[in-house]
Protein chains: 2
Amino acid sequence: MMENIIFRNFLGGKGLKLTKERTAVLSEVYSFHGHFEPEYLYSRIKGSGSKASRASVYRTLSLLVECGLVKRVTRTDKGNIYEHTYGHSHHDHMICDICGEIIEFFSEKLEKLQDEICEKNSFIGSSHALEIRGRCKKCRM
Amino acid sequence: MMENIIFRNFLGGKGLKLTKERTAVLSEVYSFHGHFEPEYLYSRIKGSGSKASRASVYRTLSLLVECGLVKRVTRTDKGNIYEHTYGHSHHDHMICDICGEIIEFFSEKLEKLQDEICEKNSFIGSSHALEIRGRCKKCRM
DNA sequence: ATCTAATTGCAATTAAGTCTCAATTTCAGT
DNA sequence: ACTGAAATTGAGACTTAATTGCAATTAGAT
């Protein structure tokens, strides 16, 4: 698993340690696809063989975001939503206001547009997130 | 003030009442420009002649969002950030990771792109928010 | 002016996420 | 494999934004 190596290198480079708990969180994150909330992740970990406290789950999640293996997709009224990123190229999201479904898409034009907009505003863009809200195929009237 | 009329009509249409507190919140929201957090709004209201409890501020803010006079710009780790929208056309945001400055921009191309993307995915887009993160002019190295 | 449903303020509550710290564990050096 | 310094853990207390329940109050239609 490439993501383990990435994580180990990241930790090593910062003088941090690869613990059972961190390994458990990482492998749980990569054990399923799609988006997740921290509490959901925590409940999955409790249910799995391994274990990690809530504090460790949150702490590890921050590290995973920092090293780029996990990304915060958006915030709902409830809290953060994440996704793992290794093996997934950059994309943006459409979120259905009715059923909450999250649809991913990628647009080359959008990538170019970001550069254009940044240049025009003397801004050094490092990332963007486009979130389109509306109704998905199933929920349109 | 057009926004008062809009709010009054909105409330009337739902059988809700236009109270002093709601009026106070609305006029405070429109008394300055730029982005704000609910707690900042609440502190301004306490400082002004009128008054409204924290609960009323939050409750009114929801109503203002519902009727389109206020929009939630983004969520930080701390909480929501809003802006008033009457007299402001649609725009998106660049947020500086260093100093937190929020820069507004509008791109016609982006508007068209949204329609294109939605069509391609059988999604009925009602709104979008593009957030570009990076370093502003002042904070670039 | 009256009446009823909506609204208010307060304080209690919720919930996500963070922090503290004693006990434990990792791992580099031997 | 052993050791020790430094990092990490778990449990629960804590923080902070935001919501809620309820008795008292108020808007506004009639």
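Below, read A as the first sequence line, B as the second, and so on, with proteins coming before strands; counting in each chain starts at 1.
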All ring-ring contact (aromatic ring centres under 6.0 Å, His included) counterparts of F32(B), not counting sequence neighbours:
F36(B), Y40(B)

Residues two or more places apart in sequence or in another chain: which of them pass ring-ring contact (aromatic ring centres under 6.0 Å, His included) with Y30(B)?
H84(B)

Quick one: side-chain hydrogen bond (donor to acceptor under 3.5 Å, both in side chains) partners of [X], sequence neighbours excluded?
{"X": "T85(B)", "answer": "none"}
{"X": "E116(B)", "answer": "K109(A)"}
{"X": "S48(A)", "answer": "S50(A)"}

Using the C1' atoms of five pairs at each end, what's the angle between the two axes of the helix from dA1(C)-dT30(D) to dT30(C)-dA1(D), to 10 degrees?
40°

Can you give one letter per nucleotide of nucleotides 18-30 of chain C, 5' to 3': B if a protein heavy atom sits under 4.0 Å from the base, S if only from the sugar-phosphate, - if neither?
SBB----SBS---

Could you pull out all residues at least two apart from R8(B) that satisfy salt bridge (charged side-chain N to carboxylate O under 4.0 Å, His left out)?
none

On DNA chain D, which is the earliest and which the latest nucleotide, 5' to 3', with an atom closer than 4.0 Å to a heavy atom of chain B?
dA17(D) to dG28(D)

Set of residues satisfying side-chain contact (heavy atoms from CB on, under 4.5 Å) with respect to S122(A), sequence neighbours excluded
K137(B), R140(B)

Hey, can you pull the residues of residues 42-52 of chain B with a non-hydrogen atom under 4.0 angstrom from DNA chain D?
none

Output a table of donor-acceptor pairs, distance under 3.5 Å, between side-chain atoms of residues 60-70 of chain B and any protein atom two or more places apart or on a different chain; print 'none' if there are none.
{"unit_1": "T60(B)", "atom_1": "OG1", "unit_2": "S56(B)", "atom_2": "O", "d": "2.7"}
{"unit_1": "S62(B)", "atom_1": "OG", "unit_2": "Y58(B)", "atom_2": "O", "d": "3.4"}
{"unit_1": "E66(B)", "atom_1": "OE2", "unit_2": "K14(B)", "atom_2": "NZ", "d": "2.5"}

